[in-house]
Amino acid sequence: TSASVTLDDVTATSTNSNKKFVGWNTDKTATTALTSPLTVTGSINLYPVFDTGYWITFNTGDQGNGASFVSPVQYLATYTLKSDDAPAPTRTGDTVDGWYTDAACTSPFSWDHALTGDITLYAKWTASDTQYSVVIWKQNVTGKGYDYEKTYTLKASTGSTVSVDGQYKSESYTGFHYSTCDDSKTVSADGTTVLNVYYNRDTVTIKFYTRRSEWSSWALYKTMTGLYGSTLAANGLTWPTGYSWHEGKEEDGGSWLTFLDSFILPDSAAANLYGYTASTGATINHYKQNV
């Protein structure tokens with residue numbers, strides 16, 4: 001009977017660091033290894049075969065710099081290196097831009113020849129594009145904080161300085177205007193860099209004018225001011241009754257504003273209203289849905 005034995009599963013280590021295991025042979029003086037699998041018909045003794053080999057030690061940077069570890073690799077002195085043999089370690093925010101024979105990374109290593117001795121190679125890192133965010137905030141109706149509006153996700157080279165582009169300062173929000181933003185920041189390798197942009201509510205002013213008689217000049221009756229969207233009640237104000245308030249100085253000119261619950265004048269941050277004696281004979285009821 002015979003059996004097929006796979007030899008690749010068992011390896012040996014030489015006490016000489018520059019001897020690389022290449023396989024097994026029944027001849028202890030052999031310099032070449034038997035081909036695996038091996039067909040055997042009885043008990044045999046196998047001896048390890050070693051050949052000259054050299055080590056490449058890969059230095060990915062100072063300890064704790066976040067780069068992945070690359071184990072040293074031993075190659076036979078007869079083996080011609082290829083570009084595919086170059087390892088590709090990782091580091092957040094960076095990419096490997098080649099291997100060099102000096103720590104200053106000025107002498108690139110060529111992957112097209114056999115080794116003639118042990119060598120240490122150094123990874124050269126180049127900053128890659130990393131995510132950062134521009135976050136838009138809108139002032140809340142109390143004027144004492146901000147509500148989240150939206151996020152823009154952008155990219156820039158790790159370690160580079162970024163600032164808020166003009167387009168994020170010119171968003172169009174009715175009743176709001178650009179206020180301020182964060183100063184420039186350095187793009188962090190972990191992608192957590194955030195630039196905040198703040199929009200404040202417009203201050204809406206309504207001026208009410210009245211006159212004593214049809215022939216009198218218009219005089220300021222009341223001024224109401226509040227943040228866009230805030231209620232009159234929140235500002236300690238109430239809608240002035242007893243008059244019909246018109247946009248024009250002529251009673252039949254312009255719109256007639258019958259009631260206003262909050263400062264929501266979309267066309268202008270200021271309005272002048274002119275009061276006439278309220279007409280009788282009709283009632284306008286205003287209903288507002290609760291929260």
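Keep in mind the model is a prediction, meaning the values are calculated, not measured.
- A donor-acceptor pair under 3.5 Å is absent between the side-chain atoms of Asp202 and the main chain of Val204, judged by distance alone.
- At a threshold of 4.5 Å between non-hydrogen side-chain atoms, the residues Asn200 and Phe176 do not count as touching.
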Dump the intermediate steps for side chain to side chain contact (heavy atoms under 4.5 Å, CB included) on Lys138 and Tyr198, then the final yes or no.
CA-CA 6 Å; Lys138 292 167 66 177; Tyr198 300 93; over 6 Å; no
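- The closest donor-acceptor contact from the side chain of Arg201 to the backbone of Tyr228 lies under 3.5 Å.
- Residues Tyr152 and Leu195 have side chains not in contact (no heavy-atom distance under 4.5 Å, counting atoms from C-beta outward).
- Between Trp137 and Tyr199, the distance from one ring center to the other does not fall under 6.0 angstrom.
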Tabulate below the donor-acceptor pairs under 3.5 Å that side-chain atoms of residues 50-58 make, not counting sequence neighbours, or state none.
{"unit_1": "Trp55", "atom_1": "NE1", "unit_2": "Ser17", "atom_2": "O", "d": "2.8"}

Could you go through Phe208 and Thr223, starting from their C-alpha distance and side-chain angles, then the distance that decides it, and tell me whether this counts as side chain to side chain contact (heavy atoms under 4.5 Å, CB included)?
CA-CA 6 Å; Phe208 299 85; Thr223 299; over 6 Å; no
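- Residues satisfying the salt bridge (Lys or Arg N to Asp or Glu O under 4.0 Å) criterion with Lys288, sequence neighbours excluded, are Asp261.
- Side-chain atoms of Thr158 come within 3.5 Å of backbone N or O of Gly93 as a donor-acceptor pair.
- A distance-only check finds a donor-acceptor pair linking the side chain of Lys185 to the backbone of Val194 [under 3.5 Å].
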Asn235 vs Ser230, test: side chain to side chain donor-acceptor pair (under 3.5 Å). Steps then yes/no.
CA-CA 8 Å; Asn235 290 275; Ser230 64; 3.1 Å; yes
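- Relative orientation of the Trp245 and Tyr243 rings is tilted, given thresholds of 30° and 60° on the angle between their planes.
- Of the possible polar contacts, none joining the Ser36 side chain to the Leu38 backbone as a donor-acceptor pair under 3.5 Å is found.
- The shortest distance between side-chain heavy atoms of Val70 and Thr60 falls below 4.5 Å.
- Hydrophobic clustering (ILVMFWY, side-chain heavy atoms < 4.5 Å, transitive): Leu273 and Tyr221 are in one cluster.
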Take Ser110 and Asp112, measure what side chain to side chain donor-acceptor pair (under 3.5 Å) needs, and give me the verdict at the end.
CA-CA 6 Å; Ser110 178; Asp112 60 359; 2.5 Å; yes
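- Looking at heavy atoms from C-beta onward, Asn25 lies out of side-chain contact with Leu46 at the 4.5 angstrom threshold.
- Here the two rings, on His286 and Phe259, have centers that are under 6.0 Å apart.
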Worked check of side chain to side chain donor-acceptor pair (under 3.5 Å) between Asp190 and Ser188:
CA-CA 5 Å; Asp190 59 9; Ser188 174; 2.6 Å; yes
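- Looking at heavy atoms from C-beta onward, Leu81 lies in side-chain contact with Trp111 at the 4.5 angstrom threshold.
- Leu154 has its side chain within reach of Tyr168: a pair of non-hydrogen atoms, C-beta onward, lies under 4.5 Å apart.
- The six-membered or imidazole ring of Tyr209 lies near that of Tyr274, with a centre-to-centre distance under 6.0 Å.
- At distances below 3.5 Å, at least one donor-acceptor pair connects side-chain atoms of Trp24 with backbone N or O atoms of Val10.
- Atom CD1 of Ile136 is separated from atom OH of Tyr146 by 12.5 Å, given to the nearest 0.5 angstrom.
- Taking the ring-ring contact (aromatic ring centres under 6.0 Å, His included) definition, one finds that Tyr47 meets it with nothing, sequence neighbours left out.
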